[in-house]
Amino acid sequence: MSYCVNCGVELADSEKSCPLCGTEVINPRKPWKEPEDPPYPHRLEPVLRRADRVFFASIASLLLCVPVAVTLLSDLFSDGELTWSGLVAGAAALLFVWFLLPLYCKRYYLLRLLTLDCAAALAYLKLIEYSVRGSWFLPVAMPITVGVSILFLLCALVLRNHRRISGGVRAACVQLALGLATVWINMVVSHAVSGSWAPSWSIYAFLPLAALAAVSILLSRHKRFQEELHRRLLY
């Protein structure tokens with residue numbers, strides 16, 4: 001019988017690492033062999049994590065229904081019909097799609113979920129326009145929402161498909177995405193107001209973000225500076 005060299009817990013012969021602290025089992029007199037029947041299933045922990053996510057999402061969904069029901073009843077009893085409470089219900093549905101729906105999924109499909117998030121945001125903005133009797137959805141809200149969603153989707157796909165990218169380059173991608181999103185918002189609003197696509201105030205937001213992105217990339221390539229910064233912050 002073996003014992004963990006780190007925490008002293010008793011180990012089974014089939015253990016490759018300590019189940020308590022994760023320390024590798026080293027016994028030169030008894031080499032480790034893969035058992036025919038493992039003492040516990042390998043997929044137990046992922047299944048439990050997903051069960052916890054689904055349980056939390058279910059509780060949060062039920063709690064989200066409480067303010068929706070209260071506002072719907074208040075609106076119905078006070079005005080005799082449903083008017084402003086639709087905005088509250090729409091906001092609750094938007095929160096569910098953005099934050100709770102991914103917890104029910106077995107796998108995180110980035111393209112599908114972000115597309116669904118964009119569609120939910122467009123539907124809620126259209127509901128707001130209908131409630132206030134406006135006419136800004138097609139010229140302003142829709143192009144801004146679709147353009148920003150596509151921009152951050154491309155950024156997320158690049159970061160996901162290149163997992164070896166350093167933290168500095170990841171920060172630079174996010175900073176550039178924010179800067180381009182600001183420019184796009186400025187262009188759409190400017191076109192809706194004056195008919196011109198020329199950006200104006202967004203330049204003052206884009207240039208500092210672009211400078212920060214350049215600094216982040218330079219620092220990510222300076223290994224000695226990273227080690228010195230890590231040493232000063234953690235020791």
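Worth saying up front: this structure is predicted, and the values here are computed from it rather than measured.
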query: Rounded to the nearest 0.5 Å, how far apart are CE of M187 and CG of L180?
result: 10.5 Å
field: Hydrophobic cluster identity match, I150 and L122, side-chain contacts under 4.5 Å
entry: yes
message: What's the separation between atom CG in L110 and atom CZ in R160, rounded to the nearest 0.5 Å?
response: 5.5 Å
- request: Taking the side chain as every heavy atom from C-beta outward, state whether C173 and L159 have any atom pair closer than 4.5 Å.
  value: yes
query: Any side-chain heavy atom of V188 within less than 4.5 Å of one from W197?
result: yes
- request: Answer whether the closest heavy-atom distance between the side chains of V97 and L113 falls below 4.5 Å.
  value: no
field: Pairwise distance OG(S85) to CG(L76) - rounded to 0.5 angstrom
entry: 8.0 Å
task: Give a yes or no on whether W84 and Y124 share a hydrophobic cluster (residues Ile, Leu, Val, Met, Phe, Trp, Tyr; joining criterion: side-chain heavy atoms under 4.5 Å apart).
output: no
N/O donor-acceptor pairs under 3.5 Å from side chains in residues 57-71, not counting sequence neighbours:
{"residue": "S58", "atom": "OG", "partner": "V54", "partner atom": "O", "Å": "2.8"}
{"residue": "S58", "atom": "OG", "partner": "Y104", "partner atom": "OH", "Å": "3.4"}
{"residue": "S61", "atom": "OG", "partner": "A57", "partner atom": "O", "Å": "2.7"}
{"residue": "S61", "atom": "OG", "partner": "Y104", "partner atom": "OH", "Å": "3.4"}
{"residue": "T71", "atom": "OG1", "partner": "P67", "partner atom": "O", "Å": "2.8"}
{"residue": "T71", "atom": "OG1", "partner": "V68", "partner atom": "O", "Å": "2.9"}

message: Using the rule given for side chain to side chain contact (heavy atoms under 4.5 Å, CB included), can you reason through F137 versus I128, listing the C-alpha separation, both sets of side-chain angles and the distance that settles it, and then say yes or no?
response: CA-CA 9 Å; F137 178 78; I128 296 176; over 6 Å; no
- prompt: Mind checking whether L151 and L209 sit in one hydrophobic cluster, side chains of I, L, V, M, F, W, Y counted as touching below 4.5 Å?
  reply: yes
- request: For the residue pair F206 and T182, establish whether any side-chain heavy-atom pair is separated by less than 4.5 Å.
  value: no
Shared hydrophobic cluster, L100 / V88 (ILVMFWY, side-chain heavy atoms < 4.5 Å): no
message: Can you give me the closest heavy-atom contact between L127 and G86, atom names plus distance?
response: CD2-O, 3.4 Å
field: Shortest non-hydrogen contact between W136 and V132, atoms and distance
entry: NE1-CG2, 4.1 Å
- request: Can you measure from SG (C18) to CD (E10) and round to the nearest 0.5 angstrom?
  value: 11.5 Å
field: Minimum heavy-atom distance L82-L72, with the two atoms named
entry: CD2-O, 3.6 Å
task: State plainly whether one hydrophobic cluster holds both I217 and V174, where clusters connect Ile, Leu, Val, Met, Phe, Trp and Tyr through side-chain heavy atoms under 4.5 angstrom apart.
output: no
query: Does NZ or CZ of R112 fall inside the cone over Y109's six-membered ring, less than 6.0 Å from its centre and within 45° of the axis?
result: yes
statement: d(D117 CG, T145 OG1) to nearest 0.5 Å is 12.0 Å
Check: A210 main-chain N/O paired with Q175 side-chain donor or acceptor under 3.5 Å: no
query: Under 6.0 Å from the six-membered ring centre of F55 and within 45° of its axis: does the NZ or CZ of R53 meet both?
result: no
message: With a 3.5 Å distance limit and no angle check, can you tell me whether W184 reaches the backbone of P143 through a side-chain donor-acceptor pair?
response: yes
message: If you define the side chain from C-beta out and look only at heavy atoms, does anything of L111 sit under 4.5 Å from L153?
response: yes
statement: Note: S190 and S196 closest approach over all heavy atoms is OG-O, 3.0 Å
- line: On a heavy-atom basis, the closest approach of W201 and N186 is NE1-ND2, 2.9 Å
field: Exceeds 12 heavy-atom contacts within 6.0 angstrom, atom CH2 of W98
entry: no
query: Can you tell me how far the CG atom of L176 sits from the OG atom of S216, to the nearest 0.5 Å?
result: 9.0 Å
- request: Write down the atom of C4, the atom of T23, and the distance for their closest heavy-atom approach.
  value: SG-CB, 4.0 Å
